[in-house]
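So the structure is just underneath, and the comments pick up after that.
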There are 2 protein chains.
Amino acid sequence: MPAPRANMSYRDIKQVVLDRIQNRIWAPDSLLPSETELAVEFSSTRTTVNRALRELAEEGYLERKRKAGTRVLNSPVRKAQFSIPLVRDEIAETGAAYRYSLVESRIMPAPAWLSSRLDILQKQEVLHLRCMHYADNAPFQYEVRWVVTESIPEVLDADFTESGPNDWLVQKVPFTNLELSFMATKADQTVSEFLDAPLGDPVFTAERITWLRNKPVTLAKLFFAPGYKMTTHL
Amino acid sequence: MPAPRANMSYRDIKQVVLDRIQNRIWAPDSLLPSETELAVEFSSTRTTVNRALRELAEEGYLERKRKAGTRVLNSPVRKAQFSIPLVRDEIAETGAAYRYSLVESRIMPAPAWLSSRLDILQKQEVLHLRCMHYADNAPFQYEVRWVVTESIPEVLDADFTESGPNDWLVQKVPFTNLELSFMATKADQTVSEFLDAPLGDPVFTAERITWLRNKPVTLAKLFFAPGYKMTTHL
DNA sequence: TAGTGGTCTAGACCACCCG
DNA sequence: GGGTGGTCTAGACCACTAT
């Protein structure tokens, strides 16, 4: 374990503090010395100590309150960070070749469930898209999407035969808000055919809703091919 | 959109910069002015501008390189942050009553797949646990867990009849490393019975491996009751 | 090699909130 | 009320890396 010495960077201080937490030198629920005291111990300044502690708090190890001081959290609420890559990138990273294909594209009135889900008017015009993403010609993801045309009229002029709506939207719409859900669903007839999975088999499914300044832009359902596993390290 | 003025906090600056990104005033791939220039524009100091830009970079909007400058990312790698609550807390938040039940606890040699998964010796001693978590007496989660006794011998003296291993481990082991995976699995006979789900139905499943200073501590498989949906906002 | 971000210092004022 | 963290300032040196 590193020992306090002079010229410690905020990274060094983070590490020392983390070690003390993990070795129960500062037990859960206990109070740390004040920033000022720690600055003295580490022969540093309060600014530097502050950054170290602030980051540890962001990472879920500490809780900080004015006047109350800095406390060690008993059960660190570790935060899993999933990056949400474009399908294309996700496939490219595995070294496989990416292929895209448009299955269907049509304009329609929003079905009731969608209206209520996105909080838009019943039968409001939406662009309905279905597409497939392949990795080395094996089905990887089946995408079903609805885009609220009123929120982004340019979508009607976009061409989705060559590349997916996700690519287009990411470039075009600086979304401000996002809801992401994961679940396990049962492969219905369509999903089963597109993903080459037995009917009724479990399918890892993501649902993604995007807003632009509180106006709903799009809802996408992403069905992943059998065996898909979403993993994160931290 | 906020306009630059004097006395802007780093939060204000963040907001202004974010607005400019989202309104394409600073387009994707374009270079921002240097910190020094921005400090002048915002009548602030470089330190303050630095914090604003640093945080925006952490949040996935910007890419910063020495000498190269600060660039707007074209497809913001938005990061989904899932907090990973204890089952107990997750249930409590819904307002339901939490109930725990130990199904099985026994010491055994690690099966081959586990050894290879955790990178431990074949047949190394592990504590095998199975338990159930209920919400208002409805099955919520079926937990299957293995704990490497060598990594944490105290686990042999712990009592898991009243509360789950997760609670105990969180209190006892300051894990340093974590791998978390999500997938959709098919309910086998056991899972089907415990979760009261039809055999073969999709089950949302999480797998969690924890290390303490590079030594594997535990692997848990968490099977969620039908209809479970994991959601995050950002 | 020169310009950019990364970080540290020393000091200051303030907002919050526990006791 | 007073102590703690939150933040800002003004300045400095340094590390990296594009050119």
Side-chain angles (χ1 to χ4, degrees), chain A residues 2-18 20-21 26-74 76-77, chain B residues 2-18 20-21 26-74 76-77:
Chain A
R5 53 172 214 286
N7 294 329
M8 293 180 76
S9 73
Y10 82 95
R11 289 168 191 276
D12 299 329
I13 296 179
K14 267 182 82 169
Q15 193 52 59
V16 172
V17 172
L18 194 52
R20 290 188 186 172
I21 293 172
W26 286 328
D29 277 330
S30 67
L31 221 49
L32 265 62
S34 74
E35 294 188 343
T36 317
E37 293 173 280
L38 288 175
V40 172
E41 178 188 347
F42 295 134
S43 313
S44 179
T45 57
R46 196 164 81 84
T47 313
T48 303
V49 171
N50 177 277
R51 176 156 183 195
L53 297 186
R54 179 172 15 103
E55 292 195 359
L56 285 172
E58 272 168 15
E59 290 163 26
Y61 294 100
L62 301 173
E63 183 191 34
R64 321 192 70 202
K65 265 189 222 158
R66 281 161 156 122
K67 165 69 179 180
T70 300
R71 193 174 292 280
V72 180
L73 284 177
N74 44 17
V77 182
Chain B
R5 53 172 215 283
N7 295 328
M8 294 180 77
S9 73
Y10 82 95
R11 290 169 191 277
D12 299 329
I13 297 179
K14 266 182 82 168
Q15 194 52 58
V16 172
V17 172
L18 193 51
R20 289 189 185 171
I21 294 171
W26 286 328
D29 276 331
S30 67
L31 220 50
L32 265 61
S34 73
E35 293 187 344
T36 316
E37 293 173 279
L38 288 176
V40 173
E41 178 188 347
F42 295 133
S43 313
S44 179
T45 56
R46 196 164 81 82
T47 313
T48 302
V49 171
N50 177 278
R51 177 155 180 196
L53 296 185
R54 178 171 16 102
E55 292 195 359
L56 285 171
E58 271 167 16
E59 290 163 26
Y61 293 101
L62 301 172
E63 183 191 35
R64 321 191 71 204
K65 266 189 219 157
R66 281 158 156 127
K67 166 70 178 179
T70 300
R71 194 175 292 280
V72 180
L73 285 177
N74 44 15
V77 183

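What you see is a predicted model; the values in this text were computed from it and never measured. By convention in this document, chain letters (A, B, ...) are assigned in the order of the sequence lines, proteins followed by strands, and residues within each chain are numbered from 1.
- Spacing between atom CZ of A:F42 and atom P of C:dT9 amounts to 13 Å, rounded to whole angstrom units.
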Tabulate protein N/O versus nucleotide N/O from nucleotides 13-19 of chain C, keeping only pairs under 3.5 Å, one per line.
{"residue": "C:dA15", "atom": "N3", "partner": "A:R66", "partner atom": "NE", "Å": "3.1"}

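- For B:V72 against B:L62, the heavy-atom pair with the smallest separation is CA-CD2, 4.0 Å.
- Side-chain N/O atoms of A:T70 include one lying less than 4.0 angstrom from OP1 or OP2 on D:dG5.
- In this structure, the CG atom of B:L62 is 13 Å from the C1' atom of C:dG5, given to the nearest Å.
- Between the CG atom of B:L53 and the C1' atom of C:dG5 there is a distance of 10 Å, given to the nearest Å.
- Here A:T45 does not reach the OP1 or OP2 of C:dG11: none of its side-chain N or O atoms lies under 4.0 Å away.
- When the side-chain nitrogen and oxygen atoms of A:T47 are compared with OP1 and OP2 of C:dT7, none of them lie within a distance under 4.0 Å.
- Among the heavy atoms of the strands lying under 4.0 Å from A:S44 are primed sugar atoms or P, OP1, OP2 only; no base atom is included.
- Comparing the helix axis at one end of the helix from C:dT1-D:dA18 to C:dC18-D:dG1 with that at the other, each defined from 5 consecutive pairs, gives an inter-axis angle of 20° (nearest 10°).
- Here the C1' atom of nucleotide C:dG5 and the CZ atom of B:R54 are 11 Å apart, to the nearest Å.
- Distance CE (A:M8) to P (C:dG6): 21 Å, rounded to an integer number of Å.
- Look at CG on A:D12: it is 11 Å from P on C:dT7, rounded to the nearest Å.
- Contact check, B:Y10 against D:dT7: a side-chain N or O comes under 4.0 Å of OP1 or OP2.
- Residues passing the side chain to side chain donor-acceptor pair (under 3.5 Å) test with A:T47: none are found, sequence neighbours excluded.
- Taking 4.0 angstrom as the limit, B:R11 places a side-chain polar atom (N or O) nearer than this to OP1 or OP2 of D:dT7.
- Within the 4.5 Å cutoff, no side-chain heavy atoms of A:I13 are placed close to those of A:L38.
- Contact check, A:N50 against D:dT7: no side-chain N or O comes under 4.0 Å of OP1 or OP2.
- In terms of phosphate contacts, B:T48 brings a side-chain nitrogen or oxygen within less than 4.0 Å of OP1 or OP2 of D:dT9.
- At C:dT7, one or more side-chain N or O atoms of A:R51 fall inside 4.0 Å of OP1 or OP2 (strictly under the cut-off).
- For the atom pair A:E58 CD and B:E58 CD, the distance stands at 6.0 Å (nearest 0.5 Å).
- Not counting sequence neighbours, the partners of B:K65 by the side-chain contact (heavy atoms from CB on, under 4.5 Å) test are B:E63, B:A68.
- What separates CD of B:E63 from P of C:dG6 is a distance of 11 Å, to the nearest Å.
- Checked against salt bridge (charged side-chain N to carboxylate O under 4.0 Å, His left out), A:R51 has the following partners two or more places apart in sequence or in another chain: A:E55.
- Looking at residues two or more places apart in sequence or on another chain, you find no side chain to side chain donor-acceptor pair (under 3.5 Å) involving B:T36.
- For B:R46, the salt bridge (charged side-chain N to carboxylate O under 4.0 Å, His left out) partners at least two apart in sequence or on another chain are B:E35.
- An OP1 or OP2 oxygen of D:dG6 is reached within less than 4.0 angstrom by a side-chain nitrogen or oxygen of A:R64.
- Taking B:S30 as the reference, nothing meets the side chain to side chain donor-acceptor pair (under 3.5 Å) condition, with sequence neighbours excluded.
- Nucleotide C:dT7 holds its C1' atom 16 Å from the CD atom of B:E55, rounded to whole Å.
- Among residues two or more places apart in sequence or in another chain, the side chain to side chain donor-acceptor pair (under 3.5 Å) test is passed with A:S44 by none.
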